[in-house]
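One structure below.
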Amino acid sequence: MHWTLVIPLKPLARAKSRLTPAAGEGLRPALALAFAKDTVTAALASAAVRDVVVVTDDVRAGRELAALGARVAPDTPGRGLNAALEHGTTVVRAARPEAPVAALNADLPALRPAELTRALDRAAAFPRAFVPDAAGIGTTLLSGSPGTELRPLFGPDSRARHTASGAVELALADMDSVRQDVDTGGDLRVALALGVGPHTAAAAAGLLIPD
């Protein structure tokens, strides 16, 4: 099964606000964009991925992510993360009604294509499935197989909410890079230890992250 990934991205001026203590206001938007670029690059390199749709209203991010091969859709609803994901899914399925769709966070700078492939291959066995984040509270990936509504419930305690909605939690072994999203300086430190993509490595060069 070959998936279309829908990746939501806030305007860079508002993205990754919890990174401000570690990166400052000057570097934070550049890091948010670097995370998204490394996420999109790794996703497009996955053998299980057909294409990537990024839902964003940020002109610079849209331009640079499109140059990497992503399709960019404006965030027409403008009502937050879940509405953006539902809109992206509608855009995809307007052309291909039976397309398998998965929502993926834009802040996975250590993402490995092979690990993403394993996650998506496992997800194909279920109508809806998800991968919890490294903290065990949130969600980094949510899949909807052909003919299945995605029903995204991202936000606080999304792991519990996706479980309650009937989505199957995927086994956690060998998926560290799919789980390691970055919201804080501590998260970034862990991602850097895993090994981030070139865009994040360049943006974070010389950054001193306090303990």
Considering all heavy atoms, the nearest [X]-[Y] contact:
X: L153; Y: R161; result: O-NH2, 3.2 Å
X: T56; Y: V72; result: CG2-CG1, 4.0 Å
X: I7; Y: T39; result: CD1-CG2, 4.1 Å
X: W3; Y: G144; result: CZ3-O, 3.6 Å
X: M175; Y: L170; result: CE-CB, 4.1 Å
X: L111; Y: A43; result: CD2-N, 4.2 Å

| query | Is M1 reachable from L150 through a run of I, L, V, M, F, W or Y residues, each pair having side-chain heavy atoms under 4.5 Å apart? | reply |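 No, it is not one cluster - the side chains of L150 and M1 are not joined through contacts under 4.5 Å.
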
| query | Quick check: are there more than 12 heavy atoms from other residues, nucleotides or ligands sitting under 6.0 Å from CD of E149? | reply |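 Open: at most 12 neighbouring heavy atoms sit under 6.0 Å from CD of E149.
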
Could you check whether any side-chain heavy atom of [X] comes within less than 4.5 Å of a side-chain heavy atom of [Y], counting everything from C-beta outward?
X: D157; Y: I137; value: yes
X: F130; Y: E169; value: yes
X: L9; Y: D58; value: no

| Does a salt bridge link R159 with D133, judged by any charged N lying under 4.0 Å from a carboxylate O? | no

| Do K16 and D187 sit within salt-bridge range, that is, some charged N less than 4.0 Å from a carboxylate O? |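 No.
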
| Are H162 and F154 near enough that their ring centres are under 6.0 Å apart? | yes

